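Following this message is one structure expressed as structure tokens.
Position 1 is the first residue of the sequence; numbering continues from there. What you are looking at is a predicted structure, and each value in this text was computed from that prediction instead of being measured. Every number for a ligand or one of its atoms is a count from 1 in the order of the listing.
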Amino acid sequence: MANKKNVLLCVTGGIAVFKAASLTSQLSQRGYNVKVMMTESAMKFVTPLTFQTLSRNPVYNDTFDEKDPSGVAHIDLADWADIVLIAPATANMIGKIANGLADDMISTTLLATTAPVMVAPAMNVHMFEHPSVKANMERLAIYGYRFIEPGEGLLACGYVGKGRLAEPEEIIRAVNQYFIEKSKQPLTGQHILITAGPTREKVDPVRFFTNRSSGKMGYALAEVAQSLGARVTLISGPTALPDPFGVEVVRITSAKEMFHVVMKQYESSDVVIKSAAVADYQPKEVFTQKLKKKDTTLSIEMERTQDILQELGKQKQHQVLVGFAAETNDVEKYAKEKLERKNLDIVVANNVSEQGSGFDGDTNKVVIYGKDGHRIESELVSKKEIAKLVFAEITRYTKGKTEK
Ligand code: PMT
């Protein structure tokens, strides 16, 4: 069933490394492309040659041993993987990745990948039960890592208890199950581009114009799209929010930067959702030195930024284009006018003067208008619920288009 999915198997050092050899062999036999990465300590148990022979691929160990000058191996592998498996996963590696360390090729690659990660721990029972190991695993679970529980029984160290690496068959079952579930997700195979947060338009080295957008709406959209199986690129203005798990995040500052990044990704996108609050104006002149205060009033001449969404509307081919409209009055009129003028498929209108709706908070209340005349109104609910509603609308709209 594997359909040539790419599995990056990260092997860390423990006696269970011998089982990882069998796992490599069985994954390859089932049609997965397997590439293996090993830590120094894993190589003390089994040689890389074993894994190279079983996977029919080179084995990676050293971040600085760049064999191909046209690429950067750990980034290329991070991008190549459809799934990353850490088996066996030692307490040390679990601790490193839970704390964002990157001092070897595996931990560095794990920070760089947006692929799902499955962790199969193997260690002594007391190590497995140690509060710091438990806390690290809980933290990884929050980041979206999946765990394949170790088995119980006689451990190599002589203890009886939990800590034995899950059998290769069980690990493969979990991998197969992941791909089966993924294939059933409604947005599988789609590339969704989402913009979020404010932009900052520089006045001088210490000042800028911005707005109250926190990015929460756009980040909620990115999380929901990722959970529905899409490949998500989030282009974010400055926010205090962490990168959503499994999402490619590109951080920008100004409207101009956002314009360039969005345009670059447009062709490969199936759906674009512009929830960012992009500045409409930028200072005509950016001062290289800090403006000194004077006793007189200060005027700063502003010029229009480029309307990114409008440009996307002009260049639209196969993409479904979703805009937001942040309004304080005549919401329906202005939202519908944007739907038309910017050549959108869907517009999500929020009345940002209503309590609990729009900027900064955790909730929103929207009315969604489709180009096909469909209209749906939400209650005041969490931004995550709004995001789900937006994707339900996109699915309904695209289904209607393909049925025509
Ligand atoms: O980030 P949060 O704190 O969670 O707040 C969420 C939000 C209020 C920012 C969000 O729900 C929202 O309404 N986003 C759009 C804000 C906005 O800029 O609306 P607008 O009506 O000014 O712009 C209409 C559309 O054109 C938007 O999709 C906007 O991204 C786009 N635009 C605007 C100007 C510009 N130069 N380029 C654009 O692409």
* To do: Go through ligand 1 atom by atom and flag the ones less than 4.0 Å from a non-hydrogen atom of F359.
  =>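 Selected atoms, number and element: 3 (O), 5 (O), 8 (C), 9 (C).
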Minimum-distance protein heavy atom relative to atom 11 (O) of ligand 1 =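 Nearest protein contact, heavy atoms only, for atom 11 (O) of ligand 1 is N350 OD1, 2.6 Å.
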Can you tell me the protein heavy atom closest to atom 21 (O) of ligand 1 and the distance?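 Nearest neighbour among protein heavy atoms for atom 21 (O) of ligand 1, to 0.1 Å: K338 NZ, 2.4 Å.
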* To do: Pick one of side chain, backbone, both or neither for how T305 approaches ligand 1, counting any non-hydrogen atom pair under 4.0 Å.
  =>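 For T305, only side-chain atoms sit under 4.0 Å from ligand 1.
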I'd like to know whether Y397 forms a side-chain hydrogen bond (donor to acceptor under 3.5 Å, both in side chains) with D345, so could you lay out the CA-CA distance, the side-chain angles of the two residues, the decisive distance to 0.1 Å, and finally the verdict.
CA-CA 8 Å; Y397 177 84; D345 296 282; 2.6 Å; yes
Ligand 1 atoms in contact with S275 (distance to a heavy atom under 4.0 Å)
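Counting atoms of ligand 1 from 1, those under 4.0 Å from S275 are 9 (C), 10 (C), 12 (C), 14 (N), 15 (C).
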Tell me whether M217 has any N or O atom under 3.5 angstrom from an N or O of ligand 1.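 M217 vs ligand 1: N/O contact under 3.5 Å present.
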Distance-only, no hydrogens or angles: does the K383 side chain make a donor-acceptor pair with backbone N or O of G361 under 3.5 Å?
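Pair found, side chain donor or acceptor close to backbone of G361.
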| task | Of the side chain and backbone of A326, name the one, both, or neither that has a heavy atom under 4.0 Å from an atom of ligand 1. | result |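 Looking at A326 and ligand 1, atoms from backbone and side chain both fall under 4.0 Å.
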Contact atoms of ligand 1, heavy-atom distance to G358 under 4.0 Å:
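Those of ligand 1 that fall under 4.0 Å from G358 are 5 (O), 6 (C), 8 (C).
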_Salt bridge or not between E327 and K338? Use side-chain N to carboxylate O under 4.0 Å._
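A salt bridge links E327 with K338.
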query = Any donor-acceptor pair under 3.5 Å linking the side chain of Q319 with the backbone of Y266?
reply =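 Yes; judged by distance alone, with no hydrogens or angles, the pair exists.
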Does the distance from a Lys or Arg side-chain N to an Asp or Glu carboxylate O, for E393 and R396, drop under 4.0 Å?
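Between R396 and E393 there is a salt bridge, with a charged N closer than 4.0 Å to a carboxylate O.
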message: Considering both backbone and side-chain atoms of A276, is one of its nitrogen or oxygen atoms within less than 3.5 Å of a nitrogen or oxygen in ligand 1?
response: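 Such a contact does occur with ligand 1.
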Top protein contact for atom 28 (O) of ligand 1, by heavy-atom distance
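Here the closest protein heavy atom is K274 O, 2.6 Å.
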ask   = In terms of side-chain geometry, is the basic nitrogen of E167 or K19 positioned less than 4.0 Å from the acidic oxygen of its partner?
value =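 Salt bridge: yes.
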* Asked: Going by the atom numbers of ligand 1, which of them fall below 4.0 Å from some non-hydrogen atom of D280?
  ->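 Going through ligand 1 atom by atom, the ones under 4.0 Å from D280 are 34 (C).
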**Q.** Proximity winner for atom 37 (N) of ligand 1, if only heavy atoms of I308, T195, L344 are counted
**A.**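 Looking at heavy atoms only, the winner is I308.
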Item to complete: Just say parallel, tilted or perpendicular for the rings of F245 and Y145, cut-offs at 30° and 60°.
Response: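 The arrangement is tilted - the two ring planes meet at 30° to 60°.
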**OP:** Take D76 and K35, measure what salt bridge (Lys or Arg N to Asp or Glu O under 4.0 Å) needs, and give me the verdict at the end.
**Re:** CA-CA 12 Å; D76 293 347; K35 289 189 180 176; over 6 Å; no
Before accepting this row, confirm whether a basic side-chain N of the pair E377/K365 lies closer than 4.0 Å to the acidic partner's carboxylate O.
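A salt bridge is present here (some side-chain N lies under 4.0 Å from a carboxylate O).
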- Message: Using a plain distance cutoff, I'd like to know if L309 has any nitrogen or oxygen under 3.5 Å from a nitrogen or oxygen of ligand 1.
- Response: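 Between L309 and ligand 1 (N or O atoms, distance only) the closest approach is under 3.5 Å.
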Quiz item: Evaluating non-hydrogen atoms only, which member of N351, V347, V322, D307 is closest to atom 32 (N) of ligand 1?
Solution: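 Going through N351, V347, V322, D307 one by one, D307 has the nearest heavy atom to atom 32 (N) of ligand 1.
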| Residue part near ligand 1, for A279, under 4.0 Å between non-hydrogen atoms |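 The answer is the backbone.
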Any E311 heavy atom less than 4.0 Å from ligand 1: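 Under 4.0 Å: no for E311.
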Task: Residue and atom name of the nearest protein heavy atom (relative to atom 2 (P) of ligand 1), distance in Å to one decimal - done: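 The closest heavy atom on the protein side is S214 OG, 3.4 Å.
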task: Check ligand 1 against Q306 and write out every atom of the ligand that is under 4.0 Å from a heavy-atom position of the residue.
output: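 Every atom of ligand 1 under 4.0 Å from some heavy atom of Q306: 35 (C), 36 (N), 37 (N).
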### Task
Would you mind listing which atoms of ligand 1 come within a distance below 4.0 Å of any non-hydrogen atom of G215?
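Selected atoms, number and element: 1 (O), 2 (P), 3 (O).
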*asked:* If the cut-off is 4.0 Å to any non-hydrogen atom of N364, which atoms of ligand 1 fall inside it?
replied: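 Those of ligand 1 that fall under 4.0 Å from N364 are 11 (O).
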Item to complete: Could you tell me the residue and atom name of the protein heavy atom closest to atom 1 (O) of ligand 1, and the distance to it rounded to 0.1 Å?
Response: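 That would be S213 OG, 2.6 Å.
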Item to check | Heavy-atom proximity to atom 12 (C) of ligand 1, best of Y281, F324, Y219, F259 | outcome: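 Looking at heavy atoms only, F324 sits closest to atom 12 (C) of ligand 1.
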> What atoms of ligand 1 come closer than 4.0 angstrom to any heavy atom of A277?
Replying inline: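 Every atom of ligand 1 under 4.0 Å from some heavy atom of A277: 16 (C), 18 (O).
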Review point. So does K67 pair up with D65, basic N to acidic O under 4.0 Å?
Key: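 Looking at D65 together with K67, the answer is yes, because their closest N to O distance falls below 4.0 Å.
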Whether the side chain of N6 engages the backbone of W80 through a donor-acceptor N/O pair (distance < 3.5 Å, no angle test) should be reported.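 Yes: the side chain of N6 pairs with the backbone of W80.
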*Is there a donor-acceptor pair closer than 3.5 Å between any side-chain N or O of K182 and the backbone N or O of G229?*
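Pair found, side chain donor or acceptor close to backbone of G229.
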*Strictly under 4.0 Å, does any heavy atom of A325 approach an atom of ligand 1?*
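A325 counts as a contact of ligand 1 under the 4.0 Å cut-off.
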Margin query: Measuring from non-hydrogen atoms of K342 to any atom of ligand 1, is the shortest distance under 4.0 Å?
Written below: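 So K342 counts as touching ligand 1.
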Say whether R304 and ligand 1 are in contact under the criterion: heavy-atom distance to a ligand atom below 4.0 Å.
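The answer is no: ligand 1 sits nowhere under 4.0 Å from a heavy atom of R304.
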Problem - Centroid-centroid distance, Y159 to H126, less than 6.0 Å - result: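 Yes, ring centres under 6.0 Å apart.
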Legend entry - T12 side chain to P88 backbone, donor-acceptor under 3.5 Å: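 Here the side-chain-to-backbone pair exists.
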*Find out whether D360 and S214 are in side-chain contact, i.e. whether some heavy atom of one side chain is under 4.5 Å from a heavy atom of the other.*
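Contact flag for D360/S214 side chains = yes.
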